[in-house]
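Note sheet for the following structure.
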Amino acid sequence: MDIQVNLNDAYYQQGSTAERWDRAQLFFDAKEYDKAARILGPLVEEVPELASPRLLLARSYYHSAQLGKAEQELRTVLESWPVEHYAQLMLGRTLERQGRHDEAAPYLRTAAALSGDFESLER
């Protein structure tokens with residue numbers, strides 16, 4: 001069993017950073033979110049200064065119902081990039097999906113303001 005797990009891990013982690021990024025995007029586009037996350041987790045550790053891999057990892061977690069992990073990644077993004085409106089939106093939606101509507105509201109309002117969606121702010 002350990003050999004099978006190690007072979008699978010080797011597949012997901014082979015190639016250059018760019019090749020793994022492309023592979024993760026392919027899995028994500030194919031709605032294989034758990035496989036995308038297996039590639040993106042180590043990739044994010046390798047290039048923590050980049051927002052895009054971490055956002056795609058958060059989206060992969062969100063779509064595979066790993067909401068706690070999605071929340072953690074999104075909060076990490078917002079620590080470094082507080083005006084990343086998509087991270088604000090995703091965190092709000094992640095919190096909503098967990099039934100934490102009061103916590104979600106400020107993130108959703110901030111996302112709307114950052115994207116220029118002032119009509120959403122009036123609701």
Side-chain angles (χ1 to χ4, degrees):
M1 188 68 159
D2 287 336
I3 293 172
Q4 183 66 30
V5 170
N6 290 336
L7 290 175
N8 285 339
D9 289 343
Y11 167 74
Y12 291 110
Q13 300 315 313
Q14 73 181 9
S16 69
T17 302
E19 290 168 336
R20 287 179 286 140
W21 170 247
D22 289 342
R23 189 176 316 119
Q25 288 180 310
L26 288 171
F27 278 120
F28 186 88
D29 291 342
K31 299 183 181 182
E32 295 282 346
Y33 305 116
D34 57 330
K35 291 177 181 157
R38 287 180 71 179
I39 296 168
L40 290 163
L43 191 64
V44 162
E45 291 176 18
E46 189 177 316
V47 288
E49 69 279 3
L50 298 179
S52 295
R54 195 173 296 274
L55 279 171
L56 191 59
L57 177 58
R59 291 176 64 202
S60 297
Y61 285 147
Y62 178 86
H63 288 297
S64 62
Q66 298 179 66
L67 302 178
K69 289 181 178 183
E71 178 183 348
Q72 179 181 352
E73 293 301 329
L74 291 163
R75 289 186 187 280
T76 300
V77 168
L78 291 173
E79 284 174 15
S80 297
W81 301 279
V83 295
E84 173 56 61
H85 84 277
Y86 191 71
Q88 295 277 351
L89 176 65
M90 282 296 302
L91 182 54
R93 297 249 172 97
T94 299
L95 293 169
E96 277 185 330
R97 194 167 166 194
Q98 294 177 72
R100 297 160 57 191
H101 300 282
D102 290 342
E103 287 179 67
Y107 295 102
L108 295 173
R109 281 193 303 273
T110 301
L114 290 171
S115 70
D117 183 9
F118 299 109
E119 290 179 21
S120 292
L121 295 172
E122 295 172 4
R123 293 182 210 159

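- Counting only distance, with no hydrogens or angles, the side chain of E96 and the backbone of L108 share no donor-acceptor pair below 3.5 Å.
- Here K69 pairs with nothing under the salt bridge (charged side-chain N to carboxylate O under 4.0 Å, His left out) rule; sequence neighbours left out.
- The CG atom of L78 sits 7.0 Å away from atom OH of Y107, with the distance rounded to the nearest 0.5 Å.
- Side-chain atoms of D34 and S60, non-hydrogen and from C-beta on, never get closer than 4.5 Å to each other.
- Checked against side chain to side chain donor-acceptor pair (under 3.5 Å), R97 has no partners two or more places apart in sequence or in another chain.
- With sequence neighbours excluded, no residue forms a salt bridge (charged side-chain N to carboxylate O under 4.0 Å, His left out) with E19.
- Applying the side chain to side chain donor-acceptor pair (under 3.5 Å) criterion to S64, with sequence neighbours excluded, gives Q66.
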Show the numbers, then the answer: is there a salt bridge (charged side-chain N to carboxylate O under 4.0 Å, His left out) between E71 and R75?
CA-CA 6 Å; E71 178 183 348; R75 289 186 187 280; 3.0 Å; yes

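- For the residue pair V77 and A87, the shortest heavy atom distance occurs at CG1-CB, 3.7 Å.
- L74 and L56 sit in two unconnected hydrophobic clusters of ILVMFWY residues. Membership requires side-chain heavy atoms under 4.5 Å apart, directly or through other members.
- In this structure, L57 CG and L43 CG are separated by 9.0 Å, a value rounded to the nearest 0.5 Å.
- Residues forming a side chain to side chain donor-acceptor pair (under 3.5 Å) with E84 (at least two apart in sequence, or on another chain): none.
- For residues 45-56, the set of pairs meeting the side-chain hydrogen bond (donor to acceptor under 3.5 Å, both in side chains) definition, not counting sequence neighbours, comprises T17-E46, R20-E46, R54-E73.
- Within a 6.0 Å sphere centred on CG of D102, other residues, nucleotides and ligands contribute 12 heavy atoms or fewer.
- Between I39 atom CD1 and K35 atom NZ the span is 9.5 Å, to the nearest 0.5 Å.
- With sequence neighbours left out, the side chain to side chain donor-acceptor pair (under 3.5 Å) criterion links Q25 to W21.
- For the pair S115 (side chain) and A112 (backbone), a donor-acceptor distance under 3.5 Å is present.
- Hydrophobic cluster membership of L114, counting Ile, Leu, Val, Met, Phe, Trp and Tyr whose side-chain heavy atoms lie under 4.5 Å apart directly or via other members: V83.
- Listed by first then second residue, pairs satisfying ring-ring contact (aromatic ring centres under 6.0 Å, His included) with a partner in residues 48-68 read F28-H63, Y33-H63, not counting sequence neighbours.
- Of all heavy-atom pairs spanning P53 and L40, the tightest one is O-CD2, 4.1 Å.
- Residue pairs that meet the ring-ring contact (aromatic ring centres under 6.0 Å, His included) test with at least one member in residues 70-103, sequence neighbours left out, do not exist here.
- Between the CZ atom of R93 and the CG atom of L67 there is a distance of 13.5 Å, given to the nearest 0.5 Å.
- Within the model, atoms CG of L91 and CD of Q72 stand 12.0 Å from one another, a figure rounded to the nearest 0.5 Å.
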